[in-house]
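Okay, so here's the structure we're looking at.
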Amino acid sequence: MTVRTRFAPSPTGVLHLGSVRTALFSWLYARHHGGQFLLRIEDTDRERSTPENVEAIFDGMAWLNLTADEEPIYQTARFDRYREVTEQWLAEDKAYHCYCTRAELEEMRERQMAEGGQVGYDGRCRDRHEPREGVDPVVRFKNPVDGVVVVNDAVRGRVEFDNGQLDDLIIARSDGTPTYNFCVVIDDADMQITHVIRGDDHLNNTPRQINMFAALGATPPSFGHLPMILGADGAKLSKRHGAVDIRDYRDEGFLPEALLNYLVRLGWSHGDQELFSMEEMIEYFDIADVNQSASSFNPEKLRWLNQQYIKVTPTATLAGEVRPYLEELGYDIGGGPDPEAVVDAYRERAETLREMAESARYCYVDFEEFEAKAAKKHLRPVILEPLRALAERLADLDEWSVLEIEAAVKETAAAHEINMGKLGQPLRVAVTGAGVSPPIDVTVCLVGRERTAQRLAKAIAAIEARAAASH
RNA sequence: GCUCCCUUCGUCUAGCGGUUAGGACUCCGCCCUCUCACGGCGGCAACAGGGGUUCGAGUCCCCUAGGGAGUACCA
């Protein structure tokens with residue numbers, strides 16, 4: 001039997017971290033077993049579903065490269081099918097019309113709550129078929145009244161539910177539209193889904209669904225319920241914990257592989273391994289190795305992982321990835337170094353693409369002022385002569401290369417009998433405006449011959465002014 | 001309230017009856033070093049509590065506590 005999994009998001013919200021991990025696990029499971037991974041848009045809630053959210057889902061999945069093997073299924077396109085089953089169940093006495101009003105249901109719930117027992121529909125319309133004036137009925141599924149439903153969950157193990165605890169759920173609203181639990185069952189059956197991997201929050205729905213599979217005369221798929229992802233503080237993941245929308249992570253400069261690598265380790269592990277290529281994930285992933293407990297989202301570790309990926313991504317690829325960020329920051333790329341050079345200089349000192357682009361600002365944009373603290377410490381009169389000599393030396397360089405620049409700095413320092421650091425830091429502040437940058441030869445090379453000359457002149461003038469002021 | 005799920009360093013996790021309880025992120029030292037990083041080395045830090053079972057329990061069972069989910073004409 002070919003494995004078929006599905007990811008079934010509801011476009012009532014954007015694609016977020018937790019959904020993505022669910023999608024990833026489903027995708028990995030299918031890939032691991034050489035099966036198919038499908039996408040289904042659960043848009044039966046027409047009030048809250050939006051085309052923008054549908055777009056956000058496709059967009060996110062495409063960015064992450066979590067490709068589906070067949071065209072996506074839209075539940076709204078399948079209303080005829082759902083109606084067909086509803087009619088059939090009504091005819092077979094597997095479902096019934098319920099004429100209870102919302103007020104009546106509310107009252108029942110309150111009474112049950114007050115009595116301290118279980119809360120749920122009591123089935124009062126099971127044997128009351130006559131219509132009631134002014135009430136559009138809902139259709140309820142006749143859940144078995146006794147016996148137990150056993151869920152052999154791939155991650156939880158055997159879980160039993162008493163049918164007595166389950167009530168007759170609504171499968172069609174009074175306006176005729178079908179509801180979630182019902183659609184899921186029909187779709188999973190029709191799509192021939194073999195393995196349902198979904199969030200923990202659905203574990204309680206599973207016994208009802210299994211009962212409906214039976215009513216349909218279909219074999220239920222295997223189930224695997226994933227633990228939740230919590231925010232860093234252990235509370236439910238929300239906006240408070242930073243980005244929720246998966247696209248925000250792209251905007252911040254995370255690489256899709258890094259995000260996926262981070263997510264795969266939330267609730268799953270393969271010994272002590274932290275870094276997984278997509279091939280390795282597919283090869284090693286097993287639903288049986290999935291944890292049973294919820295895990296907290298740790299932004300620091302995601303950042304660390306992202307850097308691990310930045311470090312090994314080929315230069316040309318990475319340059320292509322940072323380009324949009326450089327542009328977004330308004331840099332004139334043509335008027336500065338090749339992004340490939342920036343990428344190689346910064347791959348070991350940036351955790352995100354955005355950070356990388358921001359750090360490289362001085363390569364493309366002239367600064368007005370030297371950073372006060374750095375200037376005070378490094379742009380001092382003592383360094384005036386060496387800096388002048390270096391400026392001259394640099395201006396005369398035949399070739400503007402890291403090697404030539406390195407030699408120029410070293411020889412100038414030696415000629416003035418000072419350490420590399422004594423000259424390097426002032427030079428760094430002069431050409432970048434601040435005290436932190438890649439190795440000085442690389443930095444100067446990045447800044448370019450012209451800007452280096454201008455900025456050195458500016459620094460020298462600043463030091464001269466400072467010297468004059470102190471006299 | 002009722003039903004179901006969960007519980008190893010701050011966080012992610014390894015562990016599958018006998019371990020000095022391992023790794024990763026974070027943090028702190030040291031080394032490397034022209035700054036920042038990277039890298040290397042070292043350090044801080046955990047079996048929720050209580051009962052059993054067993055020669056022996058982080059590992060098996062029960063209870064308690066604490067988290068979470070569901071209990072919608074949401075998905």
Side-chain angles (χ1 to χ4, degrees), chain A residues 8-13 42-45 47-49 75 98 100 102 105 109 112-121 136-140 151 153 155-156 159-162 164-167 169-175 177 179-181 183-184 199-207 225 227-228 230 232-236 262 265-275 291-305 307 311 346-351 359 374 378 406 409-410 413 419-429 432 434-441 443:
Chain A
S10 168
T12 50
E42 309 219 323
D43 51 359
T44 53
D45 184 347
E47 301 276 305
R48 300 190 299 149
S49 297
Q75 291 189 321
C98 167
C100 291
R102 290 176 200 250
L105 261 19
R109 208 174 352 253
Q112 290 168 333
M113 203 67 104
E115 284 169 3
Q118 86 182 72
V119 177
Y121 184 64
D136 289 325
V138 297
V139 178
R140 287 184 185 272
V151 179
D153 194 276
V155 345
R156 308 281 153 175
V159 184
E160 288 185 17
F161 293 86
D162 231 312
Q165 288 294 331
L166 274 26
D167 63 357
L169 80 165
I170 292 171
I171 60 175
R173 302 181 178 96
S174 43
D175 66 359
T177 58
T179 59
Y180 170 73
N181 278 295
C183 298
V184 165
D200 217 350
D201 46 339
H202 292 290
L203 183 55
N204 287 293
N205 290 326
T206 308
H225 288 93
M228 304 272 92
L230 276 19
D233 56 0
K236 197 171 174 182
Y262 175 73
R265 285 285 290 99
L266 242 38
W268 176 81
S269 60
H270 180 71
D272 284 338
Q273 191 168 343
E274 295 288 351
L275 266 20
N291 272 182
Q292 306 184 348
S293 53
S295 40
S296 296
F297 175 68
N298 182 345
E300 272 81 39
K301 190 158 182 181
L302 204 214
R303 295 175 63 79
W304 173 79
L305 258 167
Q307 189 187 35
K311 278 167 64 180
Y346 275 97
R347 66 190 331 144
E348 279 177 0
R349 53 204 103 223
E351 291 189 314
S359 301
H378 300 294
E406 184 195 14
V409 177
K410 279 202 168 137
N419 294 330
M420 257 301 271
K422 285 272 188 286
L423 183 57
Q425 275 307 89
L427 176 57
R428 174 168 283 114
V429 176
T432 71
V436 174
S437 83
I440 195 60
D441 43 4
T443 300

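In what follows, chains are A, B, ... by sequence order, proteins preceding strands, each numbered from 1. Excluded from the calculations below are hydrogen atoms, water molecules and symmetry mates; all remaining heavy atoms, backbone and side chain alike, are included.
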> With respect to the phosphate group of B:rU13, does any side-chain polar atom (N or O) of A:N291 fall under 4.0 Å of OP1 or OP2?
Replying inline: yes
> How far does the C1' atom of B:rC63 sit from the matching atom of B:rU26, given to the nearest Å?
Replying inline: 37 Å
> Taking atom C1' of B:rG10 as reference, at what distance in whole Å does atom NZ of A:K301 sit?
Replying inline: 13 Å
>> Does A:E160 have more than 12 heavy atoms from other residues, nucleotides or ligands lying within 6.0 Å of its CD?
In response: yes
> Rounding to a whole Å, what distance do you find between A:L427:CG and B:rU35:P?
Replying inline: 14 Å
>> As a test of reading the structure: which of B:rU35, B:rC73, B:rC25 is closest to the side chain of A:I170, going by heavy atoms?
In response: B:rC73
>> Rounded to whole Å, please give me the gap between CD in A:Q112 and P in B:rA72.
In response: 9 Å
>> Between the side chains of A:K301 and A:E274, is the shortest nitrogen-to-carboxylate-oxygen separation below 4.0 Å, so that they form an ion pair?
In response: yes
>> Base, sugar-phosphate or nothing for A:Q165? Non-hydrogen atoms, less than 4.0 Å.
In response: sugar-phosphate
> Is there a donor in the side chain of A:N291 and an acceptor in the side chain of A:S293, or the other way round, less than 3.5 Å apart?
Replying inline: no
> Under a 3.5 Å cut-off for both distances, is B:rA69 Watson-Crick or wobble paired, and to whom?
Replying inline: B:rU3
Could you go over nucleotides 20-22 of chain B and give all protein N or O partners under 3.5 Å, atom names and distances?
unit_1: B:rG22; atom_1: N2; unit_2: A:D272; atom_2: OD1; d: 2.7

> Within less than 4.0 Å of OP1 or OP2 of B:rC36, is there a side-chain N or O belonging to A:S359?
Replying inline: no
>> Assuming nearest nucleotide by heavy-atom distance, tell me which of A:A350 and A:E42 is located more 5' along RNA chain B.
In response: A:A350
>> If you compare every side-chain N and O of A:R303 against the phosphate oxygens of B:rC12 (OP1, OP2), does one of them come in below 4.0 Å?
In response: no
>> Can you check the distance between B:rG67 and B:rC55, where both ends of the measurement are the P atom (answer in whole Å)?
In response: 38 Å
>> With a 3.5 Å distance limit and no angle check, can you tell me whether A:Q118 reaches the backbone of A:G164 through a side-chain donor-acceptor pair?
In response: yes
> Between atom CD in A:E47 and atom P in B:rC74, what is the gap in whole Å?
Replying inline: 9 Å
>> Using the side-chain heavy atoms of A:Y180, tell me which of these nucleotides is nearest: B:rA75, B:rC34, B:rU35.
In response: B:rA75
>> If I take atom CG in residue A:L266 and atom P in nucleotide B:rA24, what distance separates them, rounded to the nearest angstrom?
In response: 18 Å
>> If I pick the P atom on B:rC5 and the same atom on B:rC62, what distance separates them, to the nearest angstrom?
In response: 11 Å
> Which base sits across from B:rU59 as a Watson-Crick or G-U pair, both distances under 3.5 Å?
Replying inline: none
>> So, OP1 or OP2 of B:rC12: does either fall under 4.0 Å of a side-chain N or O from A:S296?
In response: yes
>> Can you check the distance between B:rG10 and B:rA46, where both ends of the measurement are the C1' atom (answer in whole Å)?
In response: 10 Å
> Charged N to carboxylate O below 4.0 Å: is that the case for A:R140 and A:D167?
Replying inline: no
>> When the P atoms of B:rC61 and B:rU54 are compared, how many Å lie between them, rounded to an integer?
In response: 16 Å
> What is the base-pairing partner of B:rG42, counting Watson-Crick and G-U wobble geometry with both distances under 3.5 Å?
Replying inline: B:rC28
> Judged by modelled atom types alone, do A:Q425 and A:R428 share a side-chain donor-acceptor pair under 3.5 Å?
Replying inline: yes
>> Measuring to OP1 and OP2 of B:rC6, would you say a side-chain N or O of A:Q292 lies under 4.0 angstrom away?
In response: yes
>> If I pick the C1' atom on B:rC47 and the same atom on B:rG22, what distance separates them, to the nearest angstrom?
In response: 13 Å
> Under 4.0 Å: is that the gap between some side-chain N or O of A:S295 and OP1 or OP2 of B:rU13?
Replying inline: yes
> What about A:Q273: does its side chain form a donor-acceptor pair under 3.5 Å with the base of B:rG23?
Replying inline: no
> A:E406 has an atom CD; how far is it from atom P of B:rU35, in whole Å?
Replying inline: 14 Å
> Does any nucleotide pair with B:rC36 by Watson-Crick or G-U wobble geometry, both distances under 3.5 Å, and what is it?
Replying inline: none
> Does the side chain of A:S269 get closer than 4.0 angstrom to OP1 or OP2 of B:rA14 through an N or O atom?
Replying inline: yes
Are any protein N/O atoms closer than 3.5 Å to N/O atoms in nucleotides 39-47 of chain B? If there are, list each pair with its distance.
unit_1: B:rG39; atom_1: OP1; unit_2: A:K311; atom_2: NZ; d: 2.9

> Expressed in whole Å, how much space separates the P atoms belonging to B:rG50 and B:rC27?
Replying inline: 34 Å
>> Does the structure show a Watson-Crick or G-U wobble partner for B:rU19, both distances under 3.5 Å? Name it, or say none.
In response: none
Give each protein N/O atom lying under 3.5 Å from an N/O atom of nucleotides 66-68 of chain B, with the pair distance.
none

>> How long is the straight-line distance from CD of A:E406 back to CD1 of A:I440, given to the nearest 0.5 Å?
In response: 11.5 Å
>> Test your reading of the model: is there a side-chain donor-acceptor pair from A:N419 to the backbone of A:G421, 3.5 Å cut-off?
In response: no
> What interatomic distance, in whole Å, is found between C1' of B:rC32 and the corresponding atom of B:rG49?
Replying inline: 48 Å
>> Output the rounded distance in Å from CD (A:E300) to C1' (B:rC25).
In response: 8 Å
> So, A:H225 and A:D153: side-chain donor and acceptor under 3.5 Å apart, yes or no?
Replying inline: yes
> Hey, is the side chain of A:R109 poking within less than 4.0 Å of OP1 or OP2 on B:rA72, counting only N and O atoms?
Replying inline: yes
>> Rounded to whole Å, how long is the line connecting atom CG of A:D167 with atom C1' of B:rA72?
In response: 10 Å
> Among B:rU11, B:rC73, B:rA72, which is the nearest nucleotide to the side chain of A:V138?
Replying inline: B:rC73
